[in-house]
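Here the structure is laid out as structure tokens; the discussion comes afterwards.
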Amino acid sequence: MRAVVLSSSSAGNSTYIEFDNIKFLIDAGLGFTDIKNKLHEINVDASELNFIIVTHAHSDHVRSIHSFNRVYNTKIYIGSNTFNEYSKNAYLKNYEFIDNVVNIDGIDIVKVPISHDRSGYGYVFSKDNKSVCYMADTGMIHSKYHNLLKNKNLYIFESNHDVEMEMNGTKDEMTKIRNIGDMGHLSNEDCAKYLNMFIGEDTKDIILVHISDHDNTLDLAYNVNRNAIRKDIPIYLSYKDKISEEIII
């Protein structure tokens, strides 16, 4: 299994995952050319993608899915509610609703609904005893899904904001309350709390994603999680302008 976060921020999110020879993106929220260039950096041609799987319909996650669909006929897996919330859904030709899909090209798929102001899912992908959990853009994770997220090899997990920085920032009050609430984003402390609940003996690596430009810092996100999580598990950061560490398991 191979995983690289191509970019993660409020400006755009896209993560590359590879199991054996099956290659896909979680979201395509950057410009089409930008994603192609970042894939080229890791020696992947955009035409090789087997599919793109969508978390939710905010523009920083779906910006270029229609372009991949049009240019390469890349298949798009998208929730039915997310499809309805996606403003360019009329442009999609090769797509399938993910709601009842449990396996794609031999990769087992577990979906966990996000708690956000758009409908969507976090995901667990597994194949041949290798697994990755992707959870972002959620204000909380309901306890009934916790067992589905435990003891995965790789966690790609949101550590969005520092609560004090968020509340003392320049956003309007409604946005601040939304971001720290159950329909917003996970704070650094929330991220550390959930990761401590989920990591297990098989956990090898963690990548922190969706780190806010204005209401967090890379050092804060890293240190809060590093201080709370077992020291034998490496923690890596994702970035707005460059790709993350490449994880191979």
Query raised in the report: If we ignore angles and hydrogens, is there a donor and acceptor under 3.5 Å between the side chains of Asp60 and Ser10?
Result: no
**Report entry** Salt-bridge contact Asp128-Lys130 (side-chain N to carboxylate O under 4.0 Å)
**Finding:** no
**Report entry** Pair His40-Asp45, side-chain donor/acceptor within less than 3.5 Å
**Finding:** no
Report task. Determine whether more than 12 heavy atoms belonging to other residues, nucleotides or ligands lie under 6.0 Å from atom CG of Asn100. Result -> no
Requested in this report: Please lay out, stage by stage, how Lys152 and Asp202 fare under the test salt bridge (Lys or Arg N to Asp or Glu O under 4.0 Å).
Outcome: CA-CA 6 Å; Lys152 306 311 173 188; Asp202 295 334; over 6 Å; no
**Report entry** Polar side chain donor-acceptor pair, Asp219 to Thr217, under 3.5 angstrom
**Finding:** no
Query raised in the report: Are any non-hydrogen side-chain atoms of Val54 and Ile76 less than 4.5 angstrom apart?
Result: yes
Query - Main-chain N/O of Lys23 paired with Asn50 side-chain donor or acceptor, under 3.5 Å - result: yes
Query raised in the report: Same cluster or not: are Ile243 and Leu154 linked, directly or through other Ile, Leu, Val, Met, Phe, Trp or Tyr residues, by side-chain heavy atoms under 4.5 angstrom apart?
Result: no
Query - Exercise: do Asn160 and Ser212 side chains pair donor with acceptor under 3.5 Å - result: no
Report task. Please name all residues satisfying side chain to side chain donor-acceptor pair (under 3.5 Å) with Glu164, sequence neighbours left out, ordered by chain then number. Result -> none
Query raised in the report: Would you say the side-chain atoms of Asn69 and Thr74 include a donor-acceptor pair closer than 3.5 Å?
Result: no
Query raised in the report: Are side-chain N/O atoms of Asn179 and Lys176 paired as donor and acceptor at under 3.5 Å?
Result: no
Report task. Could you please spell out the steps behind the side chain to side chain donor-acceptor pair (under 3.5 Å) verdict for Tyr222 and Asn188? Result -> CA-CA 8 Å; Tyr222 178 83; Asn188 297 329; over 6 Å; no
Query raised in the report: Hey, does Ile98 have a side-chain heavy atom less than 4.5 Å from the side chain of Lys111?
Result: yes
Query raised in the report: So if you build clusters from Ile, Leu, Val, Met, Phe, Trp, Tyr with side-chain heavy-atom gaps below 4.5 Å, do Ile156 and Ile229 land together?
Result: no
Requested in this report: Answer with yes or no whether the side chains of Asp137 and His58 bring together a donor and an acceptor at under 3.5 Å.
Outcome: no
Query - Whether Tyr16 side chain and Val44 backbone form a donor-acceptor pair below 3.5 Å - result: no
Query raised in the report: Please walk me through it: do Tyr77 and Tyr95 pass ring-ring contact (aromatic ring centres under 6.0 Å, His included)?
Result: CA-CA 6 Å; Tyr77 286 93; Tyr95 67 90; over 10 Å; no
**Report entry** Check: His161 ring centre within less than 6.0 Å of His210 ring centre
**Finding:** no
Query - Side-chain (Ser244) to main-chain (Leu237) donor-acceptor, under 3.5 angstrom - result: no
Report task. Decide if the gap between the ring center of Phe24 and the ring center of Phe125 is smaller than 6.0 angstrom. Result -> yes
Query raised in the report: Would Val4 end up clustered with Ile22 when hydrophobic side chains under 4.5 Å apart are linked, directly or stepwise?
Result: no
Query raised in the report: Are a donor atom and an acceptor atom from the side chains of Asp27 and Thr55 found within less than 3.5 Å of each other?
Result: yes
Query raised in the report: For His146, which residues count as a ring-ring contact (aromatic ring centres under 6.0 Å, His included) partner, sequence neighbours excluded?
Result: Tyr194, Phe198
Query raised in the report: Cut-off 3.5 Å, side chains only: do Ser119 and Glu85 have a donor facing an acceptor?
Result: yes
Query - Any side-chain donor near an acceptor of the partner, Asn153 and Asp205, under 3.5 Å - result: no
Query - Ser159-Asn216 side chain donor-acceptor pair, cut-off 3.5 Å - result: no
Report task. Consider only side-chain N and O atoms of Asn103 and Asp108, and report whether a donor and an acceptor are under 3.5 Å apart. Result -> yes
Report task. For Asn13 and Gly29, indicate whether the former's side chain and the latter's backbone hold a donor-acceptor pair under 3.5 Å. Result -> no
Query raised in the report: Under 30°, 30 to 60°, or over 60°: which ring-plane class applies to Phe32 and Tyr72, parallel, tilted or perpendicular?
Result: tilted
